[in-house]
There are 2 protein chains.
Amino acid sequence: MPKYHDALDAVLRALADPTRRAVVERLAKSPAVVSELAAPFSMALPSLMQHLRVLEDAGLITSEKHGRVRTMSLRPGALDVLHLWLGEQRTPAERQADRLGVHLTRTTPKET
Amino acid sequence: MPKYHDALDAVLRALADPTRRAVVERLAKSPAVVSELAAPFSMALPSLMQHLRVLEDAGLITSEKHGRVRTMSLRPGALDVLHLWLGEQRTPAERQADRLGVHLTRTTPKET
DNA sequence: ATGATACTTAGGCATATACCTAAGTATCAC
DNA sequence: GTGATACTTAGGTATATGCCTAAGTATCAT
């Protein structure tokens with residue numbers, strides 16, 4: 001029953017970390033092998049690997065190993081669950097605006 | 001410079017917790033006072049308050065106190081930053097599909 | 001003024017996270 | 001076979017997170 005929520009939870013937890021988000025951003029461009037993914041970070045390899053595992057467990061990425069090289073890819077549609085949830089959290093006011101096809105200029109958060 | 005990323009980070013961290021997500025979902029319907037928000041949870045009030053604070057610090061919700069009652073509301077547009085980021089993480093294949101106006105039937109995640 | 005309400009503040013604790021180093025294991029190149 | 005390469009596995013640590021109880025503070029009701 002809580003399939004959807006569990007998936008959403010895993011995805012959000014995974015994306016809550018900057019390193020993992022950076023990996024997702026990189027993989028959005030194209031697949032890459034572990035060492036390529038690790039290169040931009042000052043982190044030890046095992047640490048980065050943990051992040052990759054979290055992403056894979058969340059279903060955000062997939063991997064395939066050929067020889068000693070593992071290639072990681074962003075799972076197409078993996079972010080759909082988030083997109084879906086996001087759509088449900090629109091305030092009544094926003095829904096109204098949607099209906100009218102209005103684009104509101106947002107009141108900015110406080111700081112510029 | 002990292003304004004956007006900081007905001008995104010705060011939002012994602014805030015949404016990574018199920019309790020906080022539940023609060024957001026509740027507030028998406030309408031504003032509510034603290035005790036209303038706390039009611040559905042078995043959690044002690046101070047614990048729930050901490051969550052509310054995280055949400056407010058992330059800019060997801062706002063609050064106003066009148067007398068001894070504090071009313072919390074979902075900040076319209078607060079989730080825009082996430083929506084935006086999400087749009088950027090589409091794979092080349094997905095972008096292609098977008099361009100064609102194609103709706104792919106997703107390969108489901110492994111478990112039904 | 002007195003008690004009940006509706007939060008708030010102030011510690012404290014236990015588990016979860018993010019990292020690291022050291023020591024494998026499997027391939028690949030010679 | 002040997003060494004280099006590309007991960008993997010196995011602990012271990014330090015901080016962050018989530019939750020709690022106890023003790024306020026500010027309002028509101030009588």
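Just so we're on the same page: letters track the sequence lines, and every chain starts at 1. Scope of the values below: all heavy atoms of this structure, side chains included, with no hydrogens, waters or symmetry mates.
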Asks: Keeping the roles fixed (side chain from B:E36, backbone from B:V33), state whether a donor-acceptor pair exists under 3.5 Å.
Replies: yes
Asks: Give me the atom names and distance for the closest heavy-atom approach of B:L27 to B:A32.
Replies: CD2-N, 3.7 Å
Asks: Have B:R75 and B:T62 got a donor and an acceptor in their side chains that come within less than 3.5 Å?
Replies: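 Per modelled atom types, B:R75 and B:T62 side chains form no pair under 3.5 Å.
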Asks: Rounded to the nearest angstrom, tell me the gap between atom NE2 in A:H51 and atom C1' in C:dC19.
Replies: 8 Å
Asks: Distance check needed: C:dC20 C1' versus A:L48 CG, whole Å only.
Replies: 13 Å
Asks: At less than 4.0 Å, is any side-chain N or O atom of A:S47 found next to OP1 or OP2 of C:dC20? Yes or no.
Replies: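 For A:S47, the contact criterion (side-chain N or O under 4.0 Å from OP1 or OP2 of C:dC20) is met.
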Asks: Nearest-Å distance, CG (A:L12) to C1' (D:dT17)?
Replies: 16 Å
Asks: Under the criterion side chain to side chain contact (heavy atoms under 4.5 Å, CB included), I'd like the reasoning laid out for B:L8 against A:R21: C-alpha separation, chi angles, the key distance, then a yes or no.
Replies: CA-CA 10 Å; B:L8 179 64; A:R21 240 152 36 228; 3.9 Å; yes
Asks: Rounded to the nearest Å, what distance is computed from the CZ atom of residue B:F41 to the P atom of nucleotide D:dC20?
Replies: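 In whole Å, D:dC20 P and B:F41 CZ are 12 Å from each other.
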Asks: Roughly how many Å is it from CZ in B:R53 to C1' in D:dG18, rounded to a whole number?
Replies: 15 Å
Asks: Between A:G67 and A:V54, who's closer to the 5' end of DNA chain C by nearest nucleotide?
Replies: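 It is A:V54 whose nearest nucleotide is closer to the 5' end.
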Asks: Could you run through nucleotides 5-17 of chain C and give me one letter per nucleotide, 5' to 3': B if any protein heavy atom sits under 4.0 Å from the base, S if only the sugar-phosphate is that close, - if neither?
Replies: BSBBB-------S
Asks: How many whole angstroms separate atom CE of B:M43 from atom P of D:dT17?
Replies: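 After rounding, the reported distance stands at 16 Å.
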Asks: Quantify the bending of the helix from C:dA1-D:dT30 to C:dC30-D:dG1 as the angle between its end axes, each fitted on five pairs, to 10°.
Replies: 30°
Asks: Expressed in angstrom and rounded to an integer, what is the separation of B:L55 atom CG from D:dG18 atom C1'?
Replies: 14 Å
Asks: Are B:M72 and B:P31 close enough that some pair of their side-chain heavy atoms sits under 4.5 Å apart?
Replies: no
Asks: How long is the span from the CZ atom in B:R53 to the OG atom in B:S63, to the nearest 0.5 Å?
Replies: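 Output value for this atom pair is 11.5 Å.
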Asks: Does a side-chain heavy-atom distance below 4.5 Å link A:L60 with A:V54?
Replies: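 In short, these two side chains do not touch, never coming nearer than 4.5 Å.
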Asks: Please check this pair: side chain of A:Q50 against backbone of A:P46, looking for a donor-acceptor N/O pair closer than 3.5 Å.
Replies: no
Asks: Decide if atom CD of A:E64 counts as having more than 12 heavy atoms of other residues, nucleotides or ligands within a radius under 6.0 Å.
Replies: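 No, the 6.0 Å shell around CD holds no more than 12 heavy atoms from other groups.
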